[in-house]
Amino acid sequence: MNLDASLNADLHCHSVVSDGTLTPEALAARAQAGGVQLWSLTDHDEIGGQQRALDAARALGLPYLTGTEISVTFAHRVVHIVGLGFDHTDTALADGLRATRGGREARAREMAASLSEVGIHGAFEGALKYVGNPDLISRTHFARFLVDAGHCQDVPEVFRRFLTEGKPGFVPHKWASLKDAVGWITRAGGMAVIAHPGRYGFTPTEEYALITEFIGHGGRGIEVVTGSHTADEFVTYADTAQEFNLFASRGSDFHSPEESRIDLGALPPLAARLTPVWAALADRIHR
Ligand code: AMP
Ligand code: MN
Ligand code: MN
Ligand code: MN
């Protein structure tokens, strides 16, 4: 297997185990149909789908890296840290993720109470209908409810009008610390990767703080080519990866055939000047 930057690796997507709409098995098949040569399922704050994803990938002959995407509070903002290539039976990682998931239901009830103040009733029960994993009720499930109940045309409109800071339905939440998230992944034998850095709206100073603290805790990778970046950001974060000597990652962040702009395997490749995360994780790939 050629592990250079041209590999069609898709190392970021979500299943019904978090806020995606497809099963791990359906995603594995879709990844292969989309030409993916190395795949990872990265459900939010959850590794309960890893064995299923691994088994499905193996049955298809699709090389697989274990994955997750951890929600972190950093500088009063939510940052996502992807973990790749860890031992998915590691109990400290599982315990940490369980603690991070805790409080989602109470948060969801507060979100529903906030929405009812602007006349949108029954949002908790409404969102719950879209939830595959009762531990992982997320804003995405509220967004699907708001669209299907006719309050918004589509999911992007939901996030413009609701569920984000200063808008109805937003409830601030304390997620994992950067140190804990990077530590859980690293001690389980995996690599921590900063997810979609272009999405946080950080100033250059804040971004520098994030990257240097992340590296200080043992983080080694950064997403460069992701469904959440513009073509300009592919270049910006390729430069960032080189500047900080970080391994570069690539992933669609696919959630659903109806909602996701970028399908599995459909992104452009990493620039040849980058060292990909999969080169450093060669011995962690399940085949
Ligand atoms: P939560 O973890 O409950 O805060 O939900 C976060 C999820 O909401 C993310 O993983 C995305 O799937 C989704 N999301 C957040 N912002 C947006 C946005 N602007 N457009 C579409 N989906 C979004
Ligand atoms: Mn999501
Ligand atoms: Mn994310
Ligand atoms: Mn994601």
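All ligand and atom numbering here is 1-based and tracks the order in the structure.
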Check this for me, if you would: do Arg250 and Glu223 make a salt bridge, where the nitrogen-to-carboxylate-oxygen distance has to be below 4.0 angstrom? no
Is any NZ, NE, NH1 or NH2 atom of the basic residue among Glu213 and Lys179 found under 4.0 Å from an Asp or Glu carboxylate oxygen of the other? no
Determine yes or no for a side-chain-to-main-chain donor-acceptor pair under 3.5 angstrom, with Ser260 supplying the side chain and His255 the backbone. yes
Which label fits Phe202 and Tyr200: parallel for a plane angle under 30°, tilted from 30 to 60°, or perpendicular past 60°? tilted
In a simple table, one pair per line, please give the protein and ligand 1 atom names for every N or O pair closer than 3.5 Å, along with the distance.
unit_1   : atom_1 : unit_2 : atom_2 : d
ligand 1 : 2 (O)  : Arg104 : NH1    : 3.4
ligand 1 : 2 (O)  : Arg104 : NH2    : 3.1
ligand 1 : 3 (O)  : Arg104 : NH1    : 3.0
ligand 1 : 3 (O)  : Arg107 : NH1    : 2.8
ligand 1 : 3 (O)  : Arg107 : NH2    : 3.4
ligand 1 : 3 (O)  : Arg139 : N      : 2.8
ligand 1 : 4 (O)  : Arg107 : NH2    : 2.8
ligand 1 : 4 (O)  : Arg139 : NE     : 2.8
ligand 1 : 4 (O)  : Arg139 : NH2    : 3.3
ligand 1 : 8 (O)  : Thr140 : OG1    : 3.3
ligand 1 : 10 (O) : His44  : NE2    : 2.8
ligand 1 : 12 (O) : Asp19  : OD2    : 3.0
ligand 1 : 12 (O) : Thr140 : OG1    : 3.2
ligand 1 : 12 (O) : His255 : NE2    : 3.0

Could you give me a count of protein N/O/S atoms that are under 2.8 Å from the Mn ion (ligand 4)? 4
Do you know which N/O/S atom name in Asp19 is closest to the Mn ion (ligand 2)? OD2
Hydrophobic cluster identity match, Leu274 and Leu7, side-chain contacts under 4.5 Å: yes
If you measure from the Lys or Arg side-chain nitrogens to the Asp or Glu carboxylate oxygens, is any gap between Arg104 and Asp45 under 4.0 Å? yes
For Thr164, which residues count as a side chain to side chain contact (heavy atoms under 4.5 Å, CB included) partner, sequence neighbours excluded? Arg139, Phe159, Lys167
Output yes when a side-chain donor or acceptor of Asn8 lies under 3.5 Å from a complementary backbone atom of Gly35, and no otherwise. yes
Students often mix this up, so state it plainly: with edges at 30° and 60°, are the rings of His229 and Phe234 parallel, tilted or perpendicular? tilted
Donor-acceptor contacts, no H, no angles, side chain residues 184-192, under 3.5 Å, sequence neighbours left out:
unit_1 : atom_1 : unit_2 : atom_2 : d
Thr186 : OG1    : Val182 : O      : 2.6

